[in-house]
Amino acid sequence: MPEHGGRKWWVLGCGGLLGLVILAIAIVAGRTWWSVRSADRQSDRLTLERATVETGQAAGQPSQTSELAPQATGTPLTVLLELDSAEVYIEPAAPGEPLDVEAHYDAHDYRLEEIVEPETPDAYHLKFVVTSSRFITGIKQGIRGGQPQLRVRLPRDTPLDLKLVQRNGGAFVDLGGLHVTSADFDAGGAILKIDADERLQGELESFTIKGRQGGLFVESLNLMQPRHVGLDFRMGQATLDFRGPWAADTEVELSMSMTDAILRLPRDARVEGLDTSPTAPAFREELRPATLRFTLETGRRTSLRLFE
């Protein structure tokens with residue numbers, strides 16, 4: 001009899017514990033479902049004028065304007081974009097138009113923040129961050145489809161030092177026609193595609209990319225004509241297209257590990273530092289207006305293919 005009573009209490013204890021677990025799961029599921037169904041769809045429009053910054057607010061609220069010192073003549077405007085879990089498009093603005101940001105997102109899960117510091121008048125800082133559980137945002141994206149979208153339009157006639165830090169999502173960058181003096185991309189886990197449909201203004205001194213566990217596709221490097229190209233890439237797929245005419249020498253430093261990489265090389269430029277085997281183009285002696293000097297460092301499980 002005592003053994004029977006002990007077994008009875010054990011069964012009741014297990015039943016109570018199971019009930020508590022079911023209740024906890026129900027509460028979590030309910031809160032998750034409520035979070036998934038709720039939304040505060042936000043559309044912001046931010047415009048950086050030469051002397052002011054106009055920040056779009058939520059519907060029904062007045063816009064705010066903060067003073068920004070005029071940009072010094074010839075001084076590059078540093079544009080820092082720190083973005084997370086978004087579909088991002090960076091492109092030239094219309095001729096004569098200032099820097100412009102258009103964003104569409106759920107304000108329950110994300111925050112768009114524009115940072116203007118009086119002590120650094122030649123800098124613009126934009127942040128887009130995840131404010132709720134990534135688990136919840138992942139479920140929402142699975143049910144609704146798609147990610148938040150940001151479109152950044154850069155002024156054509158202003159010298160720019162462009163810095164993009166992208167965490168997750170994807171960034172599609174068009175530098176064509178811009179006056180970019182340096183471009184620095186950090187794409188941790190994001191898909192990054194960079195292109196140019198026309199020559200850049202001025203001279204692009206430095207073009208660097210860091211990537212982790214993502215995909216990198218760089219087209220039309222000859223239209224950008226960077227004096228220095230740096231790539232630090234780990235675990236993913238990378239394609240760099242150097243085809244086309246080059247007007248000046250370029251230093252190219254590549255460091256890759258666990259990467260499937262493709263380099264498309266120009267026919268009318270000299271290439272040094274690579275094994276130009278039969279899979280690479282044969283260079284004609286009389287067509288060598290510029291030299292691309294490669295420094296290559298490859299880690300384990302890296303495949304590098306050369307094509308014209």
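The structure presented is a predicted model; accordingly, all values stated were derived computationally and were not measured.
The minimum heavy-atom distance between Ala196 and Leu223, with the atom names listed, is O-CD1, 3.3 Å. In terms of heavy atoms, Asp268 sits closest to Gly244 at OD1-O, 3.0 Å. Closest approach of Leu204 and Ala183 over heavy atoms only: CD1-N, 4.0 Å. Nearest heavy-atom pair across Met224 and Phe207 is SD-CE1, 3.9 Å. Minimum heavy-atom separation, Leu296 to Leu304: CD2-CD2, 3.4 Å. Across every non-hydrogen atom of Thr131 and Tyr110, the tightest pair is OG1-N, 3.4 Å.
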Please determine whether salt bridge (charged side-chain N to carboxylate O under 4.0 Å, His left out) holds for the pair Asp186 and Lys163, giving the CA-CA distance in whole Å, both sets of side-chain angles, and the decisive distance to 0.1 Å. CA-CA 8 Å; Asp186 186 347; Lys163 304 177 186 297; over 6 Å; no
How far apart are the C-alpha atoms of Glu91 and Arg153, what are their side-chain angles, what is the distance that settles it, and do they pass the salt bridge (charged side-chain N to carboxylate O under 4.0 Å, His left out) test? CA-CA 5 Å; Glu91 59 192 24; Arg153 302 177 182 91; 3.6 Å; yes
Working for side chain to side chain contact (heavy atoms under 4.5 Å, CB included), residues Asp100 and Arg151: CA-CA 8 Å; Asp100 178 87; Arg151 190 171 298 274; over 6 Å; no
Determine, step by step, whether Asp174 and Lys193 satisfy the salt bridge (charged side-chain N to carboxylate O under 4.0 Å, His left out) criterion, reporting the C-alpha distance in whole Å, the side-chain angles of both residues, the deciding distance to 0.1 Å, and the verdict. CA-CA 9 Å; Asp174 178 11; Lys193 184 179 186 300; over 6 Å; no
Give the C-alpha distance, both sets of side-chain angles, the deciding distance and a yes or no for side chain to side chain contact (heavy atoms under 4.5 Å, CB included) between Asp109 and Val130. CA-CA 6 Å; Asp109 303 317; Val130 181; 5.5 Å; no
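A salt bridge between Glu251 and Arg293 is present, with a side-chain N of the basic residue lying under 4.0 Å from a carboxylate O of the acidic one. Salt bridge absent: Glu82 and Arg167 never bring a charged side-chain N and a carboxylate O closer than 4.0 Å. A salt bridge between Lys127 and Asp84 is absent, with no side-chain N of the basic residue lying under 4.0 Å from a carboxylate O of the acidic one.
One N or O on the side chain of Thr181 and one on the backbone of Leu160 form a donor-acceptor pair closer than 3.5 Å.
Connection of Leu221 to Leu254 is established within a shared hydrophobic cluster, with ILVMFWY side chains joined at heavy-atom distances below 4.5 Å, either directly or through further cluster members. Linking ILVMFWY side-chain heavy atoms closer than 4.5 Å, directly or via other members, places Val229 and Phe294 in a single hydrophobic cluster. In this structure, Met258 is not a member of the same hydrophobic cluster as Phe233, with clusters built from ILVMFWY side-chain heavy atoms closer than 4.5 Å.
Residues passing the side-chain contact (heavy atoms from CB on, under 4.5 Å) test with Glu253, sequence neighbours excluded: His228, Thr295. Here Glu219 pairs with nothing under the side chain to side chain donor-acceptor pair (under 3.5 Å) rule; sequence neighbours left out.
For the residue pair His125 and Glu113, no side-chain donor N or O sits within less than 3.5 Å of a side-chain acceptor on the partner. Side-chain contact of Thr250 with Arg227: a donor-acceptor pair under 3.5 Å is present, judged by distance alone. For the residue pair Glu114 and Tyr124, a side-chain donor N or O sits within less than 3.5 Å of a side-chain acceptor on the partner.
Taking the six-membered ring where tryptophan is involved, the planes of Phe128 and Tyr105 are perpendicular, since the angle between them exceeds 60° and thus also 30°.
In this structure, the separation between CD1 on Ile90 and CZ on Phe172 is 11.0 Å, given to the nearest 0.5 Å.
Summarising the local packing, CD of Glu205 is surrounded by more than 12 heavy atoms from other residues, nucleotides or ligands at distances under 6.0 Å.
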